[in-house]
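Basis for what follows: all heavy atoms, side chains included, without hydrogens, waters or symmetry-related copies.
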Amino acid sequence: MPIPTLTIFNATIEDVNVVPAQLTSSTDAKNQEIDDLTEMMMRCLENADVEDFIGLCAKCKENIIGHENGCKALGALYHVHCFVCQKCRDPLVKKPFYHTDGLTYCEKDYLDTLEKCDVCDEHIKERILRAVDKQYHPECFKCTDCGNCLDGVPFTLDSENNVLCVQCYNKKFAYTCKACNELIVSEDGAETYRIIAMDKDFHVACYKCEVCDVKFTNDEGKGCYPHEDRLLCHTHYKEAVA
């Protein structure tokens with residue numbers, strides 16, 4: 001009887017993007033960037049004599065007067081009231097902030113943009129493991145039986161879609177050979193077979209006479225002759241019952 005082929009899955013890993021978007025601009029966009037920098041330099045020179053002038057705000061392009069009204073972040077100068085969270089608009093000076101895809105967020109609103117782990121329900125801040133249409137922290141994706149982490153490890157599912165390592169799946173569902181007491185499992189996903197005799201299971205290679213090790217076949221006189229819970233060839237069966 002053929003053993004059902006074991007379906008093996010592999011999870012994928014992604015890095016959470018918390019890096020400012022990089023410009024992959026056309027020539028026109030690069031020229032515009034140069035023009036903007038040139039204009040900023042000229043305006044800085046024009047305002048060099050203004051008392052407490054510290055530079056131009058990278059957001060509104062207006063003068064920043066007084067150190068208490070400005071801040072430096074992401075390699076640029078901003079008004080304190082201009083450097084705010086993209087979502088809630090709260091000022092970000094002296095607070096943790098995140099810059100991703102060109103947008104700046106406070107910690108709370110940044111976390112709200114992230115996916116949550118299907119196991120612990122916490123935000124995934126670094127690496128995302130994706131498997132069976134769900135997302136996980138890599139360390140949270142474990143075999144439901146033995147608890148071993150399955151990050152980078154092949155896994156499978158049972159009939160109720162519980163995640164299992166291959167070893168635990170085989171322990172739960174594979175048949176055990178009566179002769180060698182080993183599991184009857186598929187190797188490398190290839191189809192394998194088991195022999196059923198005397199309501200017991202056997203590897204094909206283990207289905208042989210317990211006295212002379214002759215393998216049983218379907219040829220006449222070369223099959224299995226069970227006797228007192230033993231597998232015997234025809235010759236040794238006759239000896240046993242004589």
>> Can you tell me if Phe173 has over 12 outside heavy atoms packed within less than 6.0 Å of its CZ?
In response: yes

>> Does any part of the side chain of Asn161, heavy atoms only, come nearer than 4.5 Å to the side chain of Val132, both counted from C-beta?
In response: no

>> So that I can tick it off, tell me whether Asp151 and Arg127 are bridged by a salt bridge, with the cut-off set at under 4.0 angstrom between side-chain N and carboxylate O.
In response: yes

> Between atom CG of Leu232 and atom NE2 of His227, what is the distance when rounded to the nearest 0.5 Å?
Replying inline: 7.0 Å

>> For Cys106 and Lys95: C-alpha separation, side-chain torsions, deciding distance, then whether side chain to side chain contact (heavy atoms under 4.5 Å, CB included) applies.
In response: CA-CA 8 Å; Cys106 66; Lys95 295 179 181 179; over 6 Å; no

> Given Arg130 and Lys134, is the side chain to side chain contact (heavy atoms under 4.5 Å, CB included) satisfied, shown in steps?
Replying inline: CA-CA 6 Å; Arg130 297 191 186 278; Lys134 297 176 182 178; over 6 Å; no

> How many angstroms lie between CG in Asn148 and SG in Cys143, if you round to the nearest 0.5 Å?
Replying inline: 7.0 Å

>> So, taking the atom named CD in Gln135 and the one named CG in Asp118, what distance separates them when rounded to the nearest 0.5 Å?
In response: 6.5 Å

>> Nearest 0.5 Å, please: how far is CZ in Phe202 from SG in Cys224?
In response: 7.5 Å

Show me the donor-acceptor pairs, under 3.5 Å and distance only, between side chains in residues 73-91 and residues at least two apart or in other chains.
unit_1	atom_1	unit_2	atom_2	d
His79	NE2	Asn63	O	2.7
Arg89	NH1	Gln86	O	3.3

>> Show the nearest heavy-atom pair for residues Cys165 and Leu150, with the distance to one decimal.
In response: CB-CD2, 3.8 Å

> Is the shortest heavy-atom distance from the side chain of Asp201 to the side chain of Ile196 under 4.5 Å?
Replying inline: yes

>> Please determine whether residues Leu103 and Leu114 belong to a single hydrophobic cluster, defined as Ile, Leu, Val, Met, Phe, Trp and Tyr linked transitively by side-chain heavy-atom distances below 4.5 Å.
In response: yes

> At their closest point, which heavy atom of Ile124 faces which heavy atom of Ile128, and how far apart are they?
Replying inline: CG2-CG1, 3.5 Å

> How long is the gap from SG on Cys57 to NZ on Lys61, to the nearest 0.5 Å?
Replying inline: 8.0 Å

> Within a strict 4.5 Å, meaning less than it, do heavy atoms of the Phe141 and Val163 side chains meet?
Replying inline: yes

> For the side chain of Glu107 and the backbone of Tyr98, is there at least one donor-acceptor N/O pair under 3.5 Å apart?
Replying inline: no

Report, one line per pair, each donor and acceptor closer than 3.5 Å where one atom sits in a side chain of residues 204-219; sequence neighbours left out.
unit_1	atom_1	unit_2	atom_2	d
Glu210	OE2	Leu231	N	2.9
Thr217	OG1	Asp219	N	3.2

> Would you call the rings of Tyr105 and Tyr110 parallel, tilted or perpendicular if under 30° counts as parallel and over 60° as perpendicular?
Replying inline: tilted

>> Which heavy atom of Cys149 sits nearest to which heavy atom of Glu139, and what is that distance?
In response: SG-CA, 4.1 Å

> Does Lys59 NZ have over 12 foreign heavy atoms under 6.0 Å away?
Replying inline: yes

> For atom NZ of Lys171, is the number of surrounding heavy atoms from other residues, nucleotides or ligands below 6.0 Å larger than 12?
Replying inline: no

> Does atom CD of Glu220 have more than 12 heavy-atom neighbours from other groups under 6.0 Å away?
Replying inline: no

> So do Asp112 and His123 actually touch side chain to side chain, heavy atoms under 4.5 Å?
Replying inline: yes

>> In this structure, would Tyr225 and Met198 fall into the same cluster of hydrophobic residues linked by side-chain contacts under 4.5 Å?
In response: no

> Atom SG in Cys233, atom NZ in Lys222: separation rounded to 0.5 Å?
Replying inline: 11.5 Å

> In chain order, what residues pass the side-chain contact (heavy atoms from CB on, under 4.5 Å) check against Glu239, with sequence neighbours excluded?
Replying inline: Thr235, His236

> Are any side-chain N or O atoms of His203 and backbone N or O atoms of Leu183, one a donor and one an acceptor, separated by less than 3.5 Å?
Replying inline: yes

> Between Thr156, Thr144, Asp145, Leu157, which is the residue that forms a side-chain contact (heavy atoms from CB on, under 4.5 Å) with Asn162?
Replying inline: Thr144

> Are Phe97 and Val93 in one and the same hydrophobic cluster, where Ile, Leu, Val, Met, Phe, Trp and Tyr link if side-chain heavy atoms are under 4.5 Å apart?
Replying inline: no

